[in-house]
There are 2 protein chains.
Amino acid sequence: MTLNQKDIYGIFTKYLSEQNLRMTTQRELILKTFCKQKKHVTAEQLYEILKKIDPTIGHATVYRTMKLLTEAGIARELNFGEGSVRYEPDTAKEHHDHLVCVKCGENIEFLDEEIETLQNRIVNKYGYKLVDHSLNLYGICPKCQKG
Amino acid sequence: MTLNQKDIYGIFTKYLSEQNLRMTTQRELILKTFCKQKKHVTAEQLYEILKKIDPTIGHATVYRTMKLLTEAGIARELNFGEGSVRYEPDTAKEHHDHLVCVKCGENIEFLDEEIETLQNRIVNKYGYKLVDHSLNLYGICPKCQKG
DNA sequence: CTCAGTGCAAAGGGTTTGCAGCCTA
DNA sequence: TAGGCTGCAAACCCTTTGCACTGAG
């Protein structure tokens with residue numbers, strides 16, 4: 001169900017050519033580096049990581065590329081209300097949601113079939129066509145409850 | 001279950017005095033104007049509305065007061081990923097969630113007991129203590145589907 | 001008289017945009 | 001050669017902060 005790097009690379013090049021855009025060394029580097037991340041990253045964080053690999057890379061290039069990756073369906077934007085957008089790989093077809101610790105920022109991805117079903121029910125009730133959804137639970141993780 | 005303006009005024013003055021803060025004409029005006037709004041407003045929008053009533057009112061005062069109202073439990077911050085925070089009256093004890101049209105911005109508030117239950121289940125599963133949650137469904141409303 | 005509250009303007013963070021030069025098809 | 005791509009810096013938007021002044025208790 002998850003896609004490997006080669007697949008993603010193919011998806012991105014396909015998207016780019018559809019848009020009359022090109023694959024470049026920067027875009028490739030950003031794609032690879034983004035996919036390697038274990039945690040959701042902000043564009044800013046990704047930029048910092050990338051600068052260590054290629055110090056000449058520009059701020060704007062990272063932001064622009066993350067927008068492209070989002071449009072291509074490779075990245076997904078997350079908003080935890082921190083004032084900046086986080087990105088996660090959008091490789092799984094099933095949508096998962098997030099449980100965020102408001103103290104330490106740790107976050108868990110979870111999947112709940114029933115929630116997905118209920119969401120569809122709501123959307124149908126109002127005659128909407130579902131495009132996307134975001135469910136964030138904010139809480140205090142076990143560690144922080146003890147500390 | 002919903003609170004009237006007098007109640008809210010009382011809640012706010014109580015909160016203020018607890019914090020050794022004072023009720024002022026500006027704070028009162030902002031509170032009243034905020035409560036009158038039918039739709040979720042950003043601080044910026046509220047500022048624009050307030051300027052028509054009192055042109056001398058300051059940007060910062062609105063932002064500062066909205067923070068106070070949030071802390072007092074009167075306003076609730078919403079984040080639809082637009083880059084700015086929206087506020088809604090937090091008068092109902094039950095949490096409601098939002099269904100937002102991505103085309104026209106129309107949004108519906110809905111309440112679903114089962115979703116609330118499921119959220120508690122998730123939180124318990126991971127040993128978290130629930131603090132808050134936000135569920136936003138993004139879709140296309142019936143009107144925009146036709147148009 | 002004290003100290004919170006205010007408006008203003010400047011600063012701040014995250015993100016986008018304008019632009020000249022570069023590079024690739 | 002044309003047009004996309006880049007890095008840089010400036011611009012932008014939303015929000016917060018510093019500051020001197022005002023005003024209520």
Side-chain angles (χ1 to χ4, degrees), chain A residues 12-34 40-72 75-87 105, chain B residues 12-34 40-72 75-87 105:
Chain A
F12 195 29
T13 48
K14 187 181 167 213
Y15 175 78
L16 291 173
S17 68
E18 281 169 7
Q19 305 294 316
N20 280 321
L21 304 175
R22 302 169 195 156
M23 178 56 89
T24 64
T25 48
Q26 285 92 336
R27 284 177 182 165
E28 192 176 338
L29 176 64
I30 293 168
L31 173 64
K32 278 187 184 166
T33 307
F34 168 63
H40 318 308
V41 287
T42 63
E44 196 59 31
Q45 289 170 338
L46 196 55
Y47 170 65
E48 292 301 328
I49 294 165
L50 286 160
K51 260 205 312 195
K52 288 176 192 158
I53 304 171
D54 174 7
T56 69
I57 203 155
H59 224 132
T61 306
V62 178
Y63 278 92
R64 285 190 277 235
T65 303
M66 291 316 296
K67 277 270 171 289
L68 288 175
L69 290 177
T70 304
E71 289 161 23
R76 166 176 271 270
E77 297 186 346
L78 302 177
N79 201 322
F80 294 160
E82 307 157 301
S84 58
V85 174
R86 288 182 175 274
Y87 291 93
Chain B
F12 195 29
T13 48
K14 187 181 167 215
Y15 175 79
L16 290 173
S17 68
E18 281 168 6
Q19 306 292 317
N20 280 319
L21 304 176
R22 301 168 195 156
M23 178 57 90
T24 63
T25 48
Q26 286 93 335
R27 285 176 180 165
E28 192 175 338
L29 176 63
I30 294 168
L31 173 64
K32 277 187 185 167
T33 308
F34 168 64
H40 317 308
V41 286
T42 63
E44 195 60 32
Q45 289 171 339
L46 196 56
Y47 170 64
E48 292 301 327
I49 294 165
L50 285 160
K51 260 206 312 196
K52 287 177 192 156
I53 303 170
D54 174 6
T56 69
I57 204 156
H59 225 132
T61 305
V62 179
Y63 278 91
R64 285 191 278 236
T65 303
M66 290 316 296
K67 276 271 172 288
L68 288 175
L69 290 177
T70 304
E71 289 161 23
R76 166 178 270 271
E77 297 186 346
L78 302 177
N79 201 322
F80 293 160
E82 306 159 301
S84 59
V85 174
R86 288 182 176 275
Y87 290 93

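Lettering follows sequence order; numbering is per chain, from 1. Heavy atoms only: backbone and side chains are in, while hydrogens, waters and symmetry mates are out.
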Steps toward side-chain contact (heavy atoms from CB on, under 4.5 Å) verdict (B/Lys32, B/Leu29): CA-CA 5 Å; B/Lys32 277 187 185 167; B/Leu29 176 63; 5.5 Å; no
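- Whole-Å rounding puts the B/Asn79 CG to C/dG14 P distance at 15 Å.
- In this structure, A/Glu77 places its CD atom 13 Å from C1' of C/dG14, rounding to the nearest Å.
- Checked by atom type and distance alone, the side chain of B/Thr65 never pairs as donor or acceptor with a backbone atom of B/Val62 at under 3.5 Å.
- Taking atom CE of residue B/Met66 and atom P of nucleotide D/dT16, one finds them 12 Å apart after rounding to whole Å.
- The distance from atom CD of A/Glu44 to atom P of C/dG13 is 10 Å, rounded to the nearest whole Å.
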Decide side-chain contact (heavy atoms from CB on, under 4.5 Å) for A/Leu69 and A/Phe34; before the verdict, give the C-alpha distance in whole Å, the side-chain angles of both, and the deciding distance to 0.1 Å. CA-CA 10 Å; A/Leu69 290 177; A/Phe34 168 63; 4.2 Å; yes
Could you walk me through whether B/Met23 and B/Tyr15 pass the side-chain contact (heavy atoms from CB on, under 4.5 Å) test, one step at a time? CA-CA 10 Å; B/Met23 178 57 90; B/Tyr15 175 79; over 6 Å; no
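- The distance between atom CZ of B/Arg86 and atom P of D/dC13, rounded to the nearest whole Å, is 16 Å.
- Nearest heavy atom pair, residue A/Met66 against residue A/Thr70, reads O-OG1, 2.7 Å.
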Any chance you could list the contact pattern along nucleotides 6-12 of chain C? Use B for base contacts, S for sugar-phosphate-only contacts and - for none, protein heavy atoms under 4.0 Å, 5' to 3'. BBB----
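- Between B/Tyr63 and the phosphate of D/dT16, there is no side-chain N or O to OP1/OP2 separation shorter than 4.0 Å.
- In this structure, the side chain of A/Arg27 does not engage the main chain of A/Thr13 through any donor-acceptor pair within 3.5 Å.
- With rounding to whole Å, A/Glu82 atom CD is found 15 Å from D/dT16 atom P.
- A/Ile30 has its side chain within reach of A/Ile57: a pair of non-hydrogen atoms, C-beta onward, lies under 4.5 Å apart.
- Between A/Tyr47 and A/His59, the ring planes lie parallel to each other; the angle is under 30°, not in the 30° to 60° tilted range.
- Applying the 4.0 Å criterion to OP1 and OP2 of D/dT16, one finds that B/Lys67 has a side-chain N or O inside that range.
- With rounding to whole Å, B/Leu69 atom CG is found 13 Å from C/dG5 atom P.
- One finds no salt bridge joining A/Lys67 and A/Glu71 here, because no Lys/Arg side-chain nitrogen approaches an Asp/Glu carboxylate oxygen to under 4.0 Å.
- Between the C1' atom of D/dT15 and the CG atom of B/Leu68 lies a distance of 15 Å, rounded to the nearest Å.
- For residues 15-22 of chain B, proximity to DNA chain C is found at B/Leu21, B/Arg22, defined as any non-hydrogen atom under 4.0 angstrom from a strand atom.
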